[in-house]
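Because only heavy atoms are used, hydrogens play no part in the values below, and waters and symmetry mates are left out as well, while side chains stay in. Below, read A as the first sequence line, B as the second, and so on, with proteins coming before strands; counting in each chain starts at 1. Just so it is clear, the model here is predicted, and its values are computed rather than measured.
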Amino acid sequence: MSKVVSLAEAIRDHVPDGASVALGCALEPAVPFSAVHELIRQGKRDLALIGPISDIAFDMLIGAGCVASVTMAWAGNVSAGLGHCYRRAMEQGIPRRVRVFDHSNFTIAQALLAGALGAPYLPTRTLLGSDIPAANGTFKEASSPFDGSPLLLIPAITPDVTILACQRADADGNAHQWGPWGVSQEAALAARTVIVIAEAVVGRAVIASDPNRTIVPALKVGAVVEEPGACHPSPLQGRYARDHEFFHEYHRATRDVPGFERWIAEWVTGVPDRAAYLRKLDGRWAALAAPGEPAAEATF
Amino acid sequence: MSKVVSLAEAIRDHVPDGASVALGCALEPAVPFSAVHELIRQGKRDLALIGPISDIAFDMLIGAGCVASVTMAWAGNVSAGLGHCYRRAMEQGIPRRVRVFDHSNFTIAQALLAGALGAPYLPTRTLLGSDIPAANGTFKEASSPFDGSPLLLIPAITPDVTILACQRADADGNAHQWGPWGVSQEAALAARTVIVIAEAVVGRAVIASDPNRTIVPALKVGAVVEEPGACHPSPLQGRYARDHEFFHEYHRATRDVPGFERWIAEWVTGVPDRAAYLRKLDGRWAALAAPGEPAAEATF
Amino acid sequence: MEITAGEVMVAQAAREIADGEVVFVGMRLPLIAFVVAKRTHAPNATGLFELGVVRDTPSAELLYTMGDTPNVAGATWCARTIDLMGLLQRGDVDAGFIGGAEIDRHGNLNTTAIGADRQHPTVQLPGGGGGADIASLAKRLIVIMPHDRRRLREHVDFVTSPGYGSGSDWRRSVGLPRGGPSVLITTLGVFRFTGGEAVLESYHAHSSEADCIANTGWPLRVASEVRMTEPPSAEVLAIIREYDPEGFWTRRGES
Amino acid sequence: MEITAGEVMVAQAAREIADGEVVFVGMRLPLIAFVVAKRTHAPNATGLFELGVVRDTPSAELLYTMGDTPNVAGATWCARTIDLMGLLQRGDVDAGFIGGAEIDRHGNLNTTAIGADRQHPTVQLPGGGGGADIASLAKRLIVIMPHDRRRLREHVDFVTSPGYGSGSDWRRSVGLPRGGPSVLITTLGVFRFTGGEAVLESYHAHSSEADCIANTGWPLRVASEVRMTEPPSAEVLAIIREYDPEGFWTRRGES
């Protein structure tokens, strides 16, 4: 049965205050910024964010006061470096204190894979001797029962909801995504439910013509949203390029709280939805089109 | 640099006697039977076979006396059930005794994934209460340091060589495979080296046009073999269907040792290579063609 | 055309699948049961196949193995085996079908070997494949096998796929997170598991309560309201015979 | 056009990549170093990018992030992050590049936070990303950062990416399977790690041994045969300036 709803409905029905939310799990590309903006518009509170890099998505949510904790390996602005809102929250508690659960890209990937496998933890040798495990506080030190060597045990992470942007999905939620996956599939399979935001909703036959492209199956998906341009300013392979300057503009505009509030008023609360946002971008949006070259044929 | 060699060279150079060899890791489809036949023709000895199902591939190698041990979840003839050579080896030590390391499909997948991740083991709740762990002898019982619940720890398996059949690969070994992967990717990434047997060797641009189709990257691959029809009688998606009757014929022909020896003389030692084997199949081979329907377009 | 035991078993197996459920399907009779369920009362069921195939429509043609090219064409997901096993371990899978060479009253199944010493068996069986994982981790297990006194035994030689062990809450005591056999469907009858033991719920039309008792290797408990297994409806028979016209799976009198 | 520190650093970083090696590339100067190495002495090097991209040819255009669409077009593998991290943990990766905000003499890097209390930092840094994994598991680590007395410190506030810890065989004692920094390339010089400590190997043309010592927060060891860093060749400069014509990464005097 069709799960197609508006983004506002999907966020309202599947992301309660206090929920743990994984997003931006492909690292720099395919960040579902439209969902980030909708979370801010709906004034969500006490979210536990999960994502390895997430670019400025986490910075915005922190600045808007939606966030109680972040589980991540890196948080800031990939183009400009530091994220002002993340700094203000951590250094001054503005707009509120945020608890950080430090990870590396590998340990967060292992935590989500453990969640996807239904395993309690995964054992690893990364970060032995790093201060990250102590700062994180959820890992356990152990020695291998096979050879006695030191190990870190990374406990499973199971998000309440994973928000996943992709090129196309069917109405049931079978989603095709190509380009880098990062930790997206683990985050989707580990989650209680998944919100799929597709550039286009297509017929089941399109999905079934290439089942190897499916990143998450319908049985994991709670809502499907059709929304072109959902990832701007991040890129979506075969659709549009990254808007580098937009990240620099955000960096310059958000140096102080009033500047951040002006930026949110202009780009988030000042627009009702992504369609209006894209109209506001106007020619700048059109200029980002990057249709790409077709993949070599595969037959099934 | 090109790694393209003949199958005979690939087997000679990368599979010494006593090697641990993973093959048939997509379960029923894409079993590299041409490599199985070449292993028999070259009279390999004391191989440690690794594969979840492998259909009659393992039965043949056991009957030919190439095998010292099998690590598997199922071994026989998927169409007919029991594998006569496997039974003779286990029940009567004919042609030799074979040590079995029992697994389930999940535990062998976890062992290979641990090998691919460079992890010493993966923890699981499957097979608690089964007799498989005791029979296997390599698992460890433990309790979770997080909640005290009982766990089995499945140690990593790292094959000396994984033999992987696919639709196409470039000369460096970047391999495109589609259809079911089973545990193929884990087996390839866990291995010291990989022999890729491609229906066609293609230019790098074909591979690079769709990097999400790559199942194993060149950096893991030691040899690339171009060999159409390498998987017969198992199927290869988008290329050819399964030859069900061939499995039944093998079952009937191999009920006793002389019958097995006649079958090997006819289909393996009696033909120099896969090209001759396909010529011997003649019209029967042509009838299995299953080109399939093209996948929906994706652009990069 | 006379109704075969295989057809009765498929019809019963189909009844065990509820609409919207996620089910590990497997081959042979369970595959056809999935086809019947999808086309009758469970149009929204999803089928998982261990090699990594997920389908919400049955394959166009009869399958002989789950890796047949028609089972992949039209699939909604070609995953890795471990992705589907992960769903299973997480508890995202409602039910799974498996068969076995031997079973005991508590639903413990042997598909590994007959004989005392596993490394020197009297009869080497092919093995459990993913059956032991489904038995360990699915919310419930549907067992299908031929009824034979040598197969329904007081004790099995090797527990490949755990049922209820020694009964009652054995599964929890060994750490299994959930599940256990809900029903055993044989060529003679249907056995529902209550208190961790198989109880005769119904005998097939071509069988009887006495046949079931006589061909079972343990003192069989019989439900007070034991009855005849509901025969396949004309609609269900038509679906079975359209999908398996040669009776390759449903008329060989062997599941 | 005057040669910038960035260009000297890129040229040196490129020399650290041997032909045929598998290297975690990263962004900014290391990305351009990979381009230079591929086009000069290391045509068979393979580049890994943490989000799951594997390339054996540099991207057609300058990248600002590893997720830019040109970095995916023409890749030989779009993997999952964990596939590449698995190769790293297995020991299949020869080298990796990382930067940092702070480093000590033993190559321990801080990219997490400045200040004593991690939950209440004086300066919150973005974090380590995958740098801590590369530092833990690659066969060797190539560190690139701006040279500043406040960045090259006697002690770092937080060890995000382990170097040689307290020196000597500390890595083995904590269980790290291999690796450690082989070289530190700064805006002023090149420091080779011997006995787990950074030793000044060469100072850049625009710098001097004295500059390096004066701007380092610990008593700096200097190699007996200390010399000037070999300047980029005309060929290398041409490659750098063709790939980064605006000098976005190589002329902003900051790595």
### Best-contacting candidate, C:Gly175, C:Pro126, C:Gly128, against chain B by heavy atom pairs under 4.5 angstrom
C:Pro126
### Any pair counted as ring-ring contact (aromatic ring centres under 6.0 Å, His included), so long as it reaches residues 84-104 of chain C, sequence neighbours left out
none
### Query
Taking C:Gly52, C:Gly131, C:Gly67 one by one, which has the highest count of heavy-atom pairs under 4.5 Å against chain B?
C:Gly67
### Query
Which answer fits C:Ala79, side chain, backbone, both or neither, if we ask what part of it has an atom under 4.5 Å from a heavy atom of chain B?
backbone
### Task
Of all the heavy-atom pairs spanning B:Leu127 and C:Ala132, show the shortest one and how long it is.
CD2-CB, 3.4 Å
### Task
Sort B:Ala241 into side chain, backbone, both or neither according to what part of it lies under 4.5 angstrom from a heavy atom of chain C.
both
### Interchain contact, B:Ile53 with chain C, by part (heavy-atom threshold 4.5 Å)
side chain
### Query
Between C:Cys78, C:Gly129, C:Gly130, C:Gly86, which shows the greatest number of heavy-atom pairs under 4.5 Å with chain B?
C:Gly129
### Heavy-atom pairs under 4.5 Å with chain C, option from B:Pro52, B:Gly76, B:Cys25, B:Gly182 with the top count
B:Gly182
### Query
For C:Leu137, is it the side chain, the backbone, both or neither that has a heavy atom under 4.5 Å from a heavy atom of chain B?
side chain
Do chain B and chain C have donor-acceptor pairs under 3.5 Å, and which are they?
{"residue": "B:Ala73", "atom": "O", "partner": "C:Gly128", "partner atom": "N", "Å": "3.1"}
{"residue": "B:Ala73", "atom": "O", "partner": "C:Gly129", "partner atom": "N", "Å": "2.8"}
{"residue": "B:Ala75", "atom": "N", "partner": "C:Pro126", "partner atom": "O", "Å": "2.8"}
{"residue": "B:Tyr86", "atom": "OH", "partner": "C:Gln124", "partner atom": "NE2", "Å": "3.2"}
{"residue": "B:Glu91", "atom": "OE2", "partner": "C:Gln124", "partner atom": "N", "Å": "2.7"}
{"residue": "B:Val100", "atom": "N", "partner": "C:Gln119", "partner atom": "OE1", "Å": "3.3"}
{"residue": "B:Val100", "atom": "O", "partner": "C:Gln119", "partner atom": "NE2", "Å": "3.0"}
{"residue": "B:Asp102", "atom": "OD1", "partner": "C:Arg118", "partner atom": "NE", "Å": "3.4"}
{"residue": "B:Asp102", "atom": "OD1", "partner": "C:Arg118", "partner atom": "NH2", "Å": "3.0"}
{"residue": "B:Asp102", "atom": "OD2", "partner": "C:Arg118", "partner atom": "NE", "Å": "2.4"}
{"residue": "B:Ser104", "atom": "OG", "partner": "C:Asp133", "partner atom": "OD1", "Å": "2.6"}
{"residue": "B:Ser104", "atom": "OG", "partner": "C:Asp133", "partner atom": "OD2", "Å": "3.1"}
{"residue": "B:Asn105", "atom": "N", "partner": "C:Gly129", "partner atom": "O", "Å": "3.0"}
{"residue": "B:Asn105", "atom": "N", "partner": "C:Asp133", "partner atom": "OD2", "Å": "3.4"}
{"residue": "B:Asn105", "atom": "ND2", "partner": "C:Glu50", "partner atom": "OE1", "Å": "2.4"}
{"residue": "B:Phe106", "atom": "N", "partner": "C:Asp133", "partner atom": "OD2", "Å": "2.9"}
{"residue": "B:Thr124", "atom": "OG1", "partner": "C:Gln89", "partner atom": "OE1", "Å": "2.6"}
{"residue": "B:Arg125", "atom": "N", "partner": "C:Gln89", "partner atom": "OE1", "Å": "2.9"}
{"residue": "B:Thr126", "atom": "OG1", "partner": "C:Asp133", "partner atom": "OD1", "Å": "2.7"}
{"residue": "B:Leu127", "atom": "N", "partner": "C:Ser136", "partner atom": "OG", "Å": "3.1"}
{"residue": "B:Ser130", "atom": "OG", "partner": "C:Val159", "partner atom": "O", "Å": "3.2"}
{"residue": "B:Ser130", "atom": "OG", "partner": "C:Thr160", "partner atom": "O", "Å": "2.9"}
{"residue": "B:Asp131", "atom": "N", "partner": "C:Val159", "partner atom": "O", "Å": "2.7"}
{"residue": "B:Asp131", "atom": "OD2", "partner": "C:Val159", "partner atom": "N", "Å": "2.7"}
{"residue": "B:Gly182", "atom": "N", "partner": "C:Leu51", "partner atom": "O", "Å": "3.1"}
{"residue": "B:Gly182", "atom": "O", "partner": "C:Thr81", "partner atom": "N", "Å": "3.0"}
{"residue": "B:Gln237", "atom": "NE2", "partner": "C:Thr69", "partner atom": "O", "Å": "3.2"}

### Message
With a 4.5 Å cut-off on side-chain heavy atoms, are C:Ile82 and B:Phe106 touching?
### Response
yes
### Query
Does some side-chain heavy atom of B:Pro150 sit less than 4.5 Å from a side-chain heavy atom of C:Val174?
no
### Summary
Closest non-hydrogen atoms of B:Pro29 and C:Leu51, given as atom of the first, atom of the second and distance, are CD-CD1, 3.5 Å
### Option in B:Ile108, B:Leu82, B:Val100 with maximal non-hydrogen atom pairs under 4.5 Å from chain C
B:Val100
### Task
Flag the one option from B:Gly238, B:Ala75, B:Pro235 with the top tally of heavy-atom pairs under 4.5 Å to chain C.
B:Ala75
